[in-house]
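Some notes on the structure that comes next.
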Amino acid sequence: MMAEPRQERSRTTRRRLMNAAVECLAELGWNGTTVAVIAQRAGVSRGAAQHHFRTREELVAATVEYVGNEQLVELRERAAALPRGPARAEPIARMLLNLYTGPMFRAALHLWVAASTDEALRAVLVPLEARVGREVHRVALELLGADESRPGVRETVQATLDLARGLGLANLLTDDSRRREQIIRQWAQVLEPTIGVPAPT
């Protein structure tokens with residue numbers, strides 16, 4: 001009977017470490033984010049942190065996957081409450097184009113820059129980012145109810161995600177929310193023809 005509480009404590013510790021990793025990366029960058037710093041932020045010992053994640057790269061990989069999955073779950077939950085049909089275009093555009101404006105995107109940006117010159121980090125990050133990117137694309141199609149076999153739909157969805165990353169970059173130094181809101185309204189008109197019947201969640 002003691003196994004379940006122990007397993008839950010283990011999951012809680014892992015979540016605390018991954019959340020702390022996001023905060024540290026966003027604030028301190030890759031060079032300032034060590035296992036010891038993450039452990040201190042999470043309120044656990046360095047030994048406990050290394051029990052769960054042997055290396056910084058292992059911790060970061062788990063963090064990218066965990067936070068990516070959390071974001072997708074949140075997107076699906078919010079989309080479930082939206083109206084059907086073309087009226088979905090603007091709220092879906094808003095959700096997708098705001099996807100890369102939080103601390104996780106700031107943390108990811110530090111990782112991408114570091115990985116461009118750190119081969120060990122790049123080896124971990126590239127396949128992981130590819131997998132997360134495919135999942136985000138799939139969920140965007142699902143939310144729009146878009147049929148990817150129709151000409152131009154795949155490219156429109158990918159352009160939406162590329163635009164979202166660009167808007168995330170524009171928001172790093174100054175609050176770009178007003179301009180982004182104007183772009184969202186315009187981009188919703190681009191997305192409208194792709195809207196179909198959303199897949200059941």
Side-chain angles (χ1 to χ4, degrees), residues 11-12 14-34 37-38 40-43 53 56-57 59-82 88-116 121 124-126 128-144 157-188 191 201:
R11 282 193 291 269
T12 299
R14 286 175 67 88
R15 282 195 296 268
R16 285 167 62 186
L17 285 164
M18 290 185 287
N19 287 328
V22 172
E23 292 175 9
C24 291
L25 284 164
E27 294 171 22
L28 307 172
W30 174 246
N31 289 334
T33 300
T34 63
V37 168
I38 294 169
Q40 183 178 32
R41 178 72 63 99
F53 303 103
R56 179 171 60 158
E57 286 79 7
L59 172 52
V60 164
T63 298
V64 170
E65 196 157 23
Y66 163 72
V67 177
N69 288 337
E70 290 291 301
Q71 283 182 318
L72 296 178
V73 167
E74 183 185 343
L75 273 179
R76 285 190 174 106
E77 287 174 353
R78 289 166 58 198
L82 295 178
R88 292 173 68 84
E90 189 169 317
I92 291 291
R94 184 169 289 106
M95 281 195 287
L96 293 174
L97 296 183
N98 284 327
L99 195 57
Y100 299 104
T101 56
M104 184 56 203
F105 179 69
R106 190 178 292 269
L109 191 61
H110 283 293
L111 288 175
W112 296 339
V113 171
S116 68
L121 179 60
V124 170
L125 206 58
V126 167
L128 184 60
E129 284 291 343
R131 189 160 70 248
V132 170
R134 284 193 300 270
E135 185 64 13
V136 171
H137 186 97
R138 191 177 70 78
V139 170
L141 284 169
E142 178 186 306
L143 299 185
L144 290 163
V157 171
Q158 191 56 55
T160 303
L161 298 175
D162 290 342
L163 174 60
R165 289 189 190 92
L167 290 172
L169 284 172
N171 200 61
L172 281 172
L173 298 180
T174 59
D175 182 358
D176 198 46
S177 53
R178 182 179 296 180
R179 187 176 71 95
R180 189 166 64 252
E181 187 59 29
Q182 294 171 338
I183 292 170
I184 285 167
R185 287 195 294 270
Q186 183 65 34
W187 196 253
L191 289 179
T201 54

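These values consider heavy atoms only, across backbone and side chains, with no hydrogens, waters or symmetry-generated copies.
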task: List the atom of Leu121, the atom of Ala114, and the distance in Å for their closest heavy-atom pair.
output: CD2-CB, 3.7 Å
- request: Just grab all the salt bridge (Lys or Arg N to Asp or Glu O under 4.0 Å) pairs involving residues 91-104, residues at least two apart or on different chains.
  value: Glu90-Arg94, Arg94-Glu181
- request: With sequence neighbours left out, write down each residue that passes side chain to side chain contact (heavy atoms under 4.5 Å, CB included) with Ala159, or none if nothing qualifies.
  value: Trp187
- request: Over all heavy atoms of both residues, which pair between Thr160 and Leu97 is shortest? Give the atoms and the distance, please.
  value: O-CD2, 3.5 Å
field: Distance in Å, Leu167 CG paired with Ile184 CD1, rounded so as to fall on 0.5 Å steps
entry: 7.5 Å
task: Quick one: which residue pairs count as a side-chain hydrogen bond (donor to acceptor under 3.5 Å, both in side chains) with a foot in residues 63-72, not counting sequence neighbours?
output: Glu65-Arg131
message: Would you compute the distance between atom CZ of Arg15 and atom CG of Leu17 and round it to the nearest 0.5 angstrom?
response: 11.5 Å
- line: Residues Ala89 and Ala188: closest non-hydrogen pair is CB-O, 3.6 Å
Acceptor/donor pairs from residues 104-111 side chains to any protein atom, 3.5 angstrom cut, sequence neighbours excluded:
unit_1 : atom_1 : unit_2 : atom_2 : d
Arg106 : NH2    : Leu172 : O      : 3.2

Residues forming a salt bridge (charged side-chain N to carboxylate O under 4.0 Å, His left out) with Arg56, sequence neighbours excluded: none
task: Would you name the heavy atoms of Ile92 and Ala79 that are closest together and state the gap between them?
output: CD1-CB, 4.3 Å
task: Answer whether the closest heavy-atom distance between the side chains of Val124 and Val60 falls below 4.5 Å.
output: no
message: Holding to side chain to side chain contact (heavy atoms under 4.5 Å, CB included), I want the full list of residues that pass it with Val136, two or more places apart in sequence or in another chain.
response: Leu72, Leu99, Tyr100, Val132, Leu161
message: I need the minimum non-hydrogen distance between Leu128 and Ala61, along with the two atoms involved.
response: CD2-O, 3.2 Å
message: For Asp175, give me all partners under salt bridge (charged side-chain N to carboxylate O under 4.0 Å, His left out), at least two apart in sequence or on another chain.
response: none
message: According to side chain to side chain contact (heavy atoms under 4.5 Å, CB included), who are the partners of Glu23, at least two apart in sequence or on a separate chain?
response: Glu27, Arg41
- prompt: Rounded to the nearest 0.5 Å, how far does CD of Glu135 lie from CD of Glu142?
  reply: 8.0 Å
Leu143 backbone acceptor or donor facing Arg88 side chain under 3.5 Å: yes
message: Holding to side chain to side chain contact (heavy atoms under 4.5 Å, CB included), I want the full list of residues that pass it with Arg16, two or more places apart in sequence or in another chain.
response: Thr12, Ala42, Val44
- request: Name all residues meeting the side chain to side chain donor-acceptor pair (under 3.5 Å) criterion together with Asn98; count only those two or more places apart in sequence or in a different chain, and write none if there are none.
  value: Arg180
query: Which pairs with one or both residues in residues 96-105 pass salt bridge (Lys or Arg N to Asp or Glu O under 4.0 Å), sequence neighbours excluded?
result: none
message: So which atom in Ala93 and which in Leu191 form the shortest heavy-atom distance, rounded to 0.1 Å?
response: CB-CD1, 3.8 Å
field: side chain to side chain donor-acceptor pair (under 3.5 Å) involving Arg78 - partner list, sequence neighbours excluded
entry: none
